[in-house]
K.L.:
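The structure's right below; bear with me while I get my questions together.
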Amino acid sequence: MSENLIGYIDDQGNILDTQTAGENCTATPIEYDNSEQALEIVRHSTAHLMAQAITELYPNSQFFVGPVVDEGFYYDFRIDEQIGENDLKGIEKKMKELIKKKYKIEKYEISKEEALVKFANDDLKLKVMERITDDTLSIYKQGDFEDLCRGPHVPALRFLHNFKLTRVAGAYLGGDEKAEMLTRIYGIAFADKESLKAHMTMLEEAKKRDHRKIGAEMNLFMFDEESGAGLPFWMPQGAKLRAKLEDILHKAHRVRGYEPVRGPEILKADMWRTSGHYACYGENMYLTTIDEQEYGIKPMNCIGHIQIFKQTQKSYRDLPVKFYEYGVVHRHEKSGVLHGLLRVREFTQDDAHIFCAPDQIATEVIDVVEFVDSVMKLFGFEYTMEVATKPEKAIGEDAVWELATQGLKDALTENKLPFTIDEGGGAFYGPKIDVKITDALGRKWQCGTIQVDFNLPERFGVEYVAEDNTRKQPVMIHRAILGSFERFIAILVEHYAGEFPFFLAPTQVIFVPISESHVAYAKALKKTLMLEGIDSEVYDKNDSLNKRIRTAEKQRVPYVVIVGDEEVQGNSVAIRNRRTREQYNLTQDEFMVELTQQLQEGKI
RNA sequence: GCCCAUAUGGCUCAGGGGUAGAGCACUUCCUUGGUAAGGAAGAGGUCGUGAGUUCAAGUCUCACUAUGGGCUCCA
């Protein structure tokens, strides 16, 4: 048996550990390295080692489950003491001591009846067993420590040297909000020191890109304790960035046949009763009373668009009607989930509703998918699509749901677009395609969404005059490309680490005049640029030239332009490339051509 | 909402029962400099909010608010 053998993988792709496989196993061996299978075994065993260390340090602890997850492993447990981040070092130290004891990891099997007796005093283990249907259970033992576990595990503790406990958190038992809160410790493990170090470095780098940190550094947005949680303020730099994004999207909507509309922020509660929001989404809505009538602040923009559609009679010739709005919505998110701009209580959706005939659904959905694709390509985002089906809280007939869900799947399948299924993840009024993009920290965020809805048109009596002069009901497709400006900008900030492409940068050019006599020239250029829709600043503060260049360089601005006697005389500019620190000169005309070309890149 | 942690000038942080410090940023003045920090002076904080303990509270206790890491949910 190889020194580095830690398990096997069988024909079905299942991992067998050496304890289970025994001698002379013929399945494909798994060596101790950073392969997916090897790390699964290593991380699972590290979770057990952590549990053993916690048991020695805090003897009254009881353990629930300790699985391997995308980002490492965790173990949930109940403990009398309070554990904080500061205690992790102590647990790590104990783990290292245990490794030195060179325990073997042994496995034995017992019947479920035996197990129920063995763990009779451990209600958490009993809870674990409730989920297991097998009659035979396996126990893994290292030193005095035993744990009910399905495995797989490494053969000995010596394979567990390269780990790090990363954070402490609370977690509901079984993920149930009403259940007891257990303590959870997360950790990560690799087969070698270098990989562990690289992983920790990657986390550090990701932290530097955090949109909350860069947002503060670049004065993009802020939150204010006195004003309330989850309510973002856009400062001038952030507002300029956002305006540019809005402008790009305005044009993109118009060329695709969308018409701008705008509905009120607040509507009578009866409208929300009709729509079903009151019943299905009411707990997330802000309600108020005006002249003894109940009103609700909109959490979605659908109703406004429906009322506008209904205002004039529509013919089949008018379809599809596409309304879009940068709709400000308010939702009562739980205080604990608020997270920078990624999760807020007031945000603006790039929302649109397409009213079309049922036989137009497939074409319209594909058009939206194309729209999503061009936006994602513009920013260089990878994304995945997911079809979400009927949730528990829902309105409408099952048959209608089935029809709409199939319509979405067909549209994607016919165009050979890959997708996964999210069972029960749909909106309460219809199934949807979610577009998820990955941020700099590897987290996936739902941004775009395409939802087919037969229910709201029915509830609001929306209709059009068909070819045979009868009244028919249109289908509504709800869709957003960015999802919300807040979330999308957060992801953009992290994606670009604040170094936005020219067409998005809040300040696109900084002029540094060499001395006071060149300020007027710089200011004239600034005005010329502004007329072309380009934002620039003139750094004419009473600081040394070097200081002003340094300050300008630190601003993550695409162009730093130096102007002195030579430039004034030659009607030119000296451009500094912020990355290479190289300089080149252009005439004013060449400069304007270069900048307007870069603006063009933002057109989709 | 729940578990844990954190909260000191605009920002980053030090100080740990005897009434506040640094660097950067900011203001003014000198310096007019050709590619990453010129010099001097100055202003700015009742130490998140409210109670309590104490002769005395940024400092200890409690509550609240906000933020961070998770659970859950979602754009």
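Labels below follow one simple rule: chain letters A, B, ... track the order of the sequence lines, proteins then strands, and each chain is numbered from 1.
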K.L.:
Quantified in whole Å, what is the P atom distance between nucleotide B:G9 and nucleotide B:G45?
P.N.:
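Comparing P positions in B:G9 and B:G45 gives a spacing of 11 Å.
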K.L.:
For B:A25, does either OP1 or OP2 sit under 4.0 Å from a side-chain N or O belonging to A:K547?
P.N.:
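Answer is yes, contact under 4.0 Å.
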K.L.:
When syn is taken as a glycosidic angle within 90 degrees of 0, is B:G69 syn or anti?
P.N.:
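Because its glycosidic torsion lies more than 90° from 0, B:G69 adopts the anti conformation.
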K.L.:
Confirm from the modelled atom types if A:N542 and B:U28 form a donor-acceptor pair under 3.5 Å, side chain to base only.
P.N.:
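Such a pair does not exist between side chain and base.
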K.L.:
Ignoring backbone atoms, test whether A:S544 places a side-chain nitrogen or oxygen under 4.0 Å from the OP1 or OP2 oxygen of B:G38.
P.N.:
yes
K.L.:
Counting side-chain heavy atoms from C-beta on, which of B:U32, B:U35, B:A36 comes nearest to A:A574?
P.N.:
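The listed nucleotide nearest to A:A574's side chain is B:U35.
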K.L.:
Between B:A36 and A:R548, counting only base atoms on the nucleotide and side-chain atoms on the residue, is there a donor-acceptor pair under 3.5 Å?
P.N.:
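It does not, because no donor-acceptor pair links the side chain of A:R548 to the base of B:A36 below 3.5 Å.
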K.L.:
Using a heavy-atom cut-off of under 4.0 Å over every strand shown, decide if A:E567 touches base, sugar-phosphate, or nothing.
P.N.:
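Base contact - A:E567 has a heavy atom under 4.0 Å of at least one base atom.
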K.L.:
Report which part of the nucleic acid A:A229 touches: base, sugar-phosphate, or nothing (heavy-atom distance under 4.0 Å, all strands).
P.N.:
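Contact class for A:A229: sugar-phosphate only.
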K.L.:
Across the strands shown, which category fits A:V344 at heavy-atom distances under 4.0 angstrom: base, sugar-phosphate, nothing?
P.N.:
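Base contact - A:V344 has a heavy atom under 4.0 Å of at least one base atom.
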K.L.:
Once you round it to whole Å, what is the distance between C1' of B:C74 and CD of A:Q349?
P.N.:
11 Å
K.L.:
Would you kindly say whether A:N577 and A:Y584 are connected by a side-chain donor-acceptor distance under 3.5 Å?
P.N.:
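Looking only at side-chain atoms, A:Y584 and A:N577 do not form any donor-acceptor pair under 3.5 Å.
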K.L.:
Given that A:S335 and A:E486 both sit by RNA chain B, which one's nearest nucleotide is further toward the 5' end?
P.N.:
A:S335
K.L.:
Look at all strands and tell whether A:G483 reaches a base, only sugar-phosphate, or nothing, counting heavy atoms closer than 4.0 Å.
P.N.:
sugar-phosphate
K.L.:
Can you tell me if A:R576 touches the phosphate of B:A36, counting only side-chain N or O atoms and a distance under 4.0 Å to OP1 or OP2?
P.N.:
yes
K.L.:
What does A:G230 touch in the nucleic acid at a heavy-atom separation under 4.0 angstrom: a base, only the sugar-phosphate, or nothing?
P.N.:
sugar-phosphate
K.L.:
Does A:R184 get its side chain close enough to the base of B:C4, under 3.5 Å, for a donor-acceptor pair?
P.N.:
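Not at all, since no donor on one side and acceptor on the other fall under 3.5 Å apart.
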K.L.:
Identify which nucleotide among B:C2, B:G38, B:U32 has an atom closest to any side-chain atom of A:N546, counting heavy atoms from C-beta outward.
P.N.:
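Out of B:C2, B:G38, B:U32, the nucleotide with an atom closest to A:N546's side chain is B:G38.
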K.L.:
Across the strands shown, which category fits A:E226 at heavy-atom distances under 4.0 angstrom: base, sugar-phosphate, nothing?
P.N.:
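It contacts nothing in the nucleic acid.
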K.L.:
Counting only side-chain heavy atoms from C-beta out, which of B:C71, B:C74, B:U35 sits nearest to A:R343?
P.N.:
B:C74
K.L.:
Is the NZ or CZ atom of A:K393 positioned over A:F428's six-membered ring, under 6.0 angstrom from the centre and within 45° of the axis?
P.N.:
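Verdict for A:F428: no cation-pi partner in A:K393.
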K.L.:
Within the structure shown, what part of the strands sits under 4.0 Å from A:D543 by heavy-atom distance: base, sugar-phosphate, or nothing?
P.N.:
base
K.L.:
Want to settle it: does A:L482 or A:L338 sit nearer the 5' end of RNA chain B, counting the closest nucleotide to each?
P.N.:
A:L338
K.L.:
Tell me the interatomic distance from A:F223, atom CZ, to B:U67, atom C1', rounded to whole angstroms.
P.N.:
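In whole Å, B:U67 C1' lies 11 Å from A:F223 CZ.
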K.L.:
Do you know which two heavy atoms are closest between A:E486 and A:T348, and how far apart they sit?
P.N.:
OE1-N, 2.9 Å
K.L.:
Could you tell me whether A:Q446 contacts a base, only the sugar-phosphate backbone, or nothing, with contacts defined as non-hydrogen atoms closer than 4.0 Å?
P.N.:
sugar-phosphate
K.L.:
Hey, does A:G175 reach any base, or is it just sugar-phosphate, or nothing, if we go heavy atoms under 4.0 Å?
P.N.:
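Answer is sugar-phosphate: A:G175 comes under 4.0 Å of backbone atoms only.
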K.L.:
Check whether any side-chain nitrogen or oxygen of A:R78 sits under 4.0 Å from OP1 or OP2 of B:C3, and answer yes or no.
P.N.:
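So the side-chain polar atoms of A:R78 never come under 4.0 Å of the phosphate oxygens OP1 or OP2 of B:C3.
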K.L.:
Suppose you measure atom C1' in B:C71 against the same atom in B:A57; what distance do you get, rounded to whole Å?
P.N.:
36 Å
K.L.:
Between A:T449 and A:D434, do the side chains contain a donor N or O and an acceptor N or O under 3.5 Å apart?
P.N.:
yes
K.L.:
By the definition salt bridge (charged side-chain N to carboxylate O under 4.0 Å, His left out), identify the one residue from A:K208, A:K207, A:R212 that meets it with A:D210.
P.N.:
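Result: among A:K208, A:K207, A:R212, A:R212 is the only option passing the salt bridge (charged side-chain N to carboxylate O under 4.0 Å, His left out) with A:D210.
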K.L.:
Could you check whether A:K178 gets within reach of a base, just the sugar-phosphate, or nothing at all, counting any heavy atom under 4.0 Å?
P.N.:
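No contact at all - A:K178 keeps every heavy atom at 4.0 Å or more from the nucleic acid.
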K.L.:
C1' atom, B:A20 versus B:U32: distance in rounded Å?
P.N.:
40 Å
K.L.:
Rounded to whole angstrom, note down the C1' distance from B:C26 over to B:C64.
P.N.:
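Here B:C26 and B:C64 have their C1' atoms 33 Å from each other.
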K.L.:
Roughly, in whole Å, what's the span from CD1 in A:I489 to C1' in B:A75?
P.N.:
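Whole-Å distance recorded here is 13 Å.
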K.L.:
Under 4.0 angstrom, heavy atoms only, what part of the nucleic acid is A:D176 near: base, sugar-phosphate, or nothing?
P.N.:
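Nothing: the residue A:D176, judged by heavy atoms under 4.0 Å, touches no strand.
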K.L.:
Could you measure between the two C1' atoms, the one in B:G58 and the one in B:U19, and give it in whole Å?
P.N.:
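Per the computed distance, 10 Å lies between those C1' atoms.
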K.L.:
Do the side chain of A:H253 and the main chain of A:H250 share a donor and acceptor less than 3.5 angstrom apart?
P.N.:
no
K.L.:
Has A:R43 got its NZ or CZ under 6.0 Å from the middle of the six-membered ring of A:F190, at an angle within 45 degrees of the ring axis?
P.N.:
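Because its charged atom sits under 6.0 Å from the ring centre and within 45° of the axis, A:R43 does stack over A:F190.
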K.L.:
Which nucleotide wins on minimum distance to the side chain of A:R487, given the candidates B:G69, B:C74, B:U35?
P.N.:
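Shortest atom-to-atom distance from the side chain points to B:C74.
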K.L.:
Let's test this: given Watson-Crick or G-U wobble pairing with both distances under 3.5 Å, identify the partner of B:C64.
P.N.:
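Across all strands, the one nucleotide that pairs with B:C64 is B:G48.
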K.L.:
For B:U46 and B:C2, measure between their C1' atoms and round to the nearest Å.
P.N.:
35 Å
K.L.:
Taking the ring centre of each residue, are A:F488 and A:F379 less than 6.0 Å apart?
P.N.:
yes
K.L.:
Could you work out which one of B:A37, B:A75, B:G70 sits closest to the side chain of A:R550?
P.N.:
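Of the candidates, B:A37 comes closest.
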K.L.:
Take atom C1' in B:G10 and the same atom in B:U27, then report the distance between them in whole Å.
P.N.:
14 Å
K.L.:
Would you call A:Y186 stacked on B:G70, i.e. ring centres under 5.5 Å apart with the planes less than 30° off parallel?
P.N.:
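No; by the centre-distance and plane-angle rule, A:Y186 does not count as stacking on B:G70.
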K.L.:
Establish whether the base of B:G33 is bridged to the side chain of A:E516 by a donor-acceptor pair shorter than 3.5 Å.
P.N.:
no
K.L.:
Out of B:G33, B:A36, B:A75, which nucleotide sits closest to the side chain of A:I514?
P.N.:
B:G33
K.L.:
Counting any heavy atom closer than 4.0 Å, what does A:K432 reach on the DNA or RNA strands: base, sugar-phosphate only, or nothing?
P.N.:
sugar-phosphate
K.L.:
Quick one: which of A:V573, A:V560, A:L529 gives a side chain to side chain contact (heavy atoms under 4.5 Å, CB included) with A:V509?
P.N.:
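The passing option is A:L529.
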K.L.:
Counting any heavy atom closer than 4.0 Å, what does A:E333 reach on the DNA or RNA strands: base, sugar-phosphate only, or nothing?
P.N.:
base
K.L.:
Taking the P atom in each of B:G48 and B:G15, what is the distance between them to the nearest angstrom?
P.N.:
15 Å
K.L.:
Considering Watson-Crick and G-U wobble pairs with both distances under 3.5 Å, what does B:C29 pair with?
P.N.:
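Its partner is B:G39 (Watson-Crick or G-U wobble, both distances under 3.5 Å).
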K.L.:
Remember a base hit wins even if backbone is also touched, and classify A:G425 as base, sugar-phosphate or nothing at under 4.0 Å, heavy atoms.
P.N.:
nothing
